[in-house]
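These numbers come from the heavy atoms of this one structure, side chains and all, not from hydrogens, waters or symmetry mates.
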Amino acid sequence: MEPVILYYGLMTAALVNMELIYFKIATKVGIVDRPNQRSSHTTPTIRGGGIIFFLATLLWFLYNGFQWPWMLMGIMAVALISFLDDLKPRPAYLRFFIHLIAVLLIFFQTGIYDWSWILVLLALIICIGALNAFNFMDGINGMTGLYAWVNLSCFYLIHQIVPFSDPLLLGTLIVSVFVFLFFNFRTRATCFAGDVGSITIALLQIFLLLQLIIVTDNFLWVIMFWVYGIDSVVTIVYRLKRRENIFKPHRTHLYQYLANEMKWPHRWVSLMYALLQGVLNIIVIYSYGISSQLIPITAATVFLMIYLRVRIKIHNQILSK
């Protein structure tokens, strides 16, 4: 048997068993998400199943000769504070401080400090915002897992065109997402990702994105976060307009309107978001191959216009009820 096949087979088995062990521990100690007025689920569900994203990264790190230790330290930091937050809400300033440290560690690992200080500061703001955006978007079954699977698969495809990271890490993360989706992408999920899952997989994708930008010297790869980014930014604008606290939980993302108010099946909404991001990713990859910047910029702009039109229409329909 090929070593890589054996590796992935053992990795899959290890992650499945780790997830099952975590379910038993979570059930015993009460790490359960109970529905409330802001929830999109109706039955108590195990929270924190996304811990396997961190465990998969740790296993890869140990197997792969302790590669990229600063990255692992950043991932470990956000995984720990996020898991503690899943157990009991932690102060916002503490979470922000740990996120800041983790992103700075990622910057150190990727060598982003070679950029101008203005670019580094802008990247810092965007990355911390992205961490929170991924967390806010984790609200219905399959959303985090499918979106991550699409992006990670595209990262893997890009690596075949222009090597920029470690393919074994990419493959390991894809396996971990598949394992998570097996338990999460159901009408009644066995587990939710929790903050430990959504924020950990977000930081991992940010790390990969920075690696790709540095190797290719092309910032248009940020379009790979476009769907989440647009939904998050537009929602923040709406909430600021209504003078709401943007840091408090809510149900006013477009995906939440579709799933909760419009009663669309949750898994279909998650699949739609993942497919839309996948289409944009393919456009960016194709455009990179033919050295065109106009095509991805046009595609991103068209998506933004369509999103805004749909968002305004549905928002007005809900308000008129």
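A side chain to side chain contact (heavy atoms under 4.5 Å, CB included) with Ile75 holds for exactly one of Leu58, Thr200, Leu105; it is Thr200. Among Ile306, Thr301, Val302, Leu308, the one residue that satisfies the side chain to side chain contact (heavy atoms under 4.5 Å, CB included) test with Leu304 is Leu308. Here the options are Thr172, Leu59, Val175, the test is side chain to side chain contact (heavy atoms under 4.5 Å, CB included), and the partner is Tyr7; only Thr172 passes.
Side chain of Asp86 to backbone of Asp195: a donor-acceptor contact under 3.5 angstrom is found. Of the possible donor and acceptor atoms, one in the side chain of Gln256 sits under 3.5 Å from a partner among the backbone N and O of Thr252. Under the 3.5 Å distance criterion, the side-chain polar atoms of Ser270 are matched with a main-chain donor or acceptor of His266. Trp226 places a side-chain N or O within 3.5 Å of a backbone atom of Ala300 that can act as its donor or acceptor partner. Side chain of Asn151 to main chain of Met224: a donor-acceptor pair is present (N/O by atom type, distance under 3.5 Å, no hydrogens or angles). With Ser82 contributing its side chain and Ala79 its backbone, the two residues share no donor-acceptor pair below 3.5 Å. Under a 3.5 Å cut-off, the side chain of Asn184 and the backbone N or O of Cys191 do form a donor-acceptor pair. Listed for the Glu244 side chain is no donor-acceptor partner under 3.5 Å among the backbone atoms of Arg239. Side chain of Gln277 to main chain of Val227: a donor-acceptor pair is present (N/O by atom type, distance under 3.5 Å, no hydrogens or angles). Side chain of Lys263 to main chain of Asn260: a donor-acceptor pair is present (N/O by atom type, distance under 3.5 Å, no hydrogens or angles).
Residues Tyr22 and Gly49 approach most closely at CE2-N, 3.9 Å, considering heavy atoms. When all heavy atoms of Gln293 and Ile297 are compared, the pair lying nearest together is O-CG1, 3.2 Å. Taking all atoms of both residues into account, the shortest heavy-atom contact from Ala259 to Ile140 is CB-CG2, 4.0 Å. Considering every non-hydrogen atom in both Ala26 and Val32, the closest pair reads O-CG2, 4.4 Å. Contact detail for Gln109 and Pro69: the closest heavy-atom pair is OE1-N, 3.4 Å. Nearest heavy-atom pair across Ala102 and Leu203 is CB-CD2, 3.9 Å.
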Item to check | side chain to side chain contact (heavy atoms under 4.5 Å, CB included) assessment of Phe136 paired with Tyr228 | outcome: CA-CA 9 Å; Phe136 291 151; Tyr228 266 20; over 6 Å; no
Next on the checklist: Go through it in stages, so that I can follow the logic: the residues are Leu168 and Tyr8, the test is side chain to side chain contact (heavy atoms under 4.5 Å, CB included), and I'd like the CA-CA distance, side-chain angles, deciding distance and then a yes or no.
Outcome noted: CA-CA 9 Å; Leu168 204 61; Tyr8 286 127; 3.7 Å; yes
Checklist entry - Could you walk me through whether Trp115 and Ile213 pass the side chain to side chain contact (heavy atoms under 4.5 Å, CB included) check? => result CA-CA 12 Å; Trp115 295 356; Ile213 289 174; 4.0 Å; yes
Item to check | Test log, rule side chain to side chain contact (heavy atoms under 4.5 Å, CB included), inputs Leu220 and Ser287 | outcome: CA-CA 10 Å; Leu220 287 181; Ser287 300; over 6 Å; no
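Atom OH of Tyr156 sits about 13.0 Å away from atom CG of Leu208, to the nearest 0.5 Å. Atoms CD1 and CG, on Ile230 and Leu280 in that order, are 9.5 Å from each other to the nearest 0.5 Å. Note that CG of Leu157 and OG of Ser153 are 9.0 Å apart. Values are rounded to the nearest 0.5 Å. Atom-to-atom distance recorded for Lys24:NZ and Glu19:CD is 13.0 Å, nearest 0.5 angstrom. How far CZ of Arg95 is from CD1 of Ile199: 7.5 Å, rounded to the nearest 0.5 Å. To the nearest 0.5 Å, the span separating OG on Ser198 from CG on Asn135 amounts to 4.0 Å.
Summarising the local packing, CZ of Phe219 is surrounded by more than 12 heavy atoms from other residues, nucleotides or ligands at distances under 6.0 Å. Atom CZ of Arg242 is surrounded by more than 12 heavy atoms from other residues, nucleotides or ligands within 6.0 Å. By the neighbour-count criterion of 12 heavy atoms within 6.0 Å, atom CH2 of Trp264 is sparsely surrounded, having that number or fewer from other residues, nucleotides or ligands.
Between Phe183 and Phe23, the ring centre distance stays below 6.0 Å. Two rings, from Phe185 and Trp268, have their centers 6.0 Å or more apart. Aromatic rings of Trp221 and Tyr288 (six-membered ring for Trp) have centroids within the 6.0 Å cut-off, being under it. For an aromatic pair to be called close, the ring centres must be under 6.0 Å apart, and Tyr147 with Tyr273 fails this. Ring centroids of Phe207 and Trp68 are separated by less than 6.0 Å, placing the two rings close together.
Looking at heavy atoms from C-beta onward, Leu124 lies in side-chain contact with Val103 at the 4.5 angstrom threshold. Looking at Glu261 and Arg251, their side chains come closer than 4.5 Å, going by heavy atoms from C-beta outward. Residues Ile158 and Phe164 have side chains in contact (heavy-atom distance under 4.5 Å, counting atoms from C-beta outward). In this structure, the side chains of Met137 and Thr144 stay at 4.5 Å or more apart for every pair of heavy atoms. Using a 4.5 Å heavy-atom cutoff, the side chains of Met143 and Leu271 are not in contact.
When hydrophobic clusters are built by joining Ile, Leu, Val, Met, Phe, Trp and Tyr residues whose side-chain heavy atoms come closer than 4.5 Å, directly or via intermediates, Val150 is not grouped with Tyr286. Leu119 and Leu210 fall within the same hydrophobic cluster, defined by Ile, Leu, Val, Met, Phe, Trp and Tyr side-chain heavy atoms under 4.5 Å apart, directly or through other members. By the rule that hydrophobic residues join a cluster once side-chain heavy atoms approach within less than 4.5 Å of another member, Val179 and Phe182 end up as members of one cluster. Both Ile5 and Met11 belong to a single network of hydrophobic side chains, linked directly or stepwise wherever heavy atoms of I, L, V, M, F, W or Y lie under 4.5 Å apart. Both Tyr113 and Ile214 are part of a single hydrophobic cluster, where members link through side-chain heavy atoms under 4.5 Å apart.
Legend: residues meeting ring-ring contact (aromatic ring centres under 6.0 Å, His included) with Phe54, ordered by chain and number and at least two apart, are absent. Qualifying side chain to side chain contact (heavy atoms under 4.5 Å, CB included) partners for Leu84, counting only residues two or more places apart in sequence or in other chains: Leu80, Leu87, Arg90. Partners of Tyr93 under the ring-ring contact (aromatic ring centres under 6.0 Å, His included) rule, at least two apart in sequence or in another chain, do not exist in this structure.
Salt-bridge annotation for Arg311 and Asp231: present, with a side-chain N of the basic residue lying under 4.0 Å from a carboxylate O of the acidic one.
Counted by atom type alone, Thr110 and Gln211 present zero donor-acceptor pairs between their side chains at under 3.5 Å.
Below 30°, between 30° and 60°, or above 60°: for Phe180 and Phe53 the angle between ring planes is above 60°, a perpendicular geometry.
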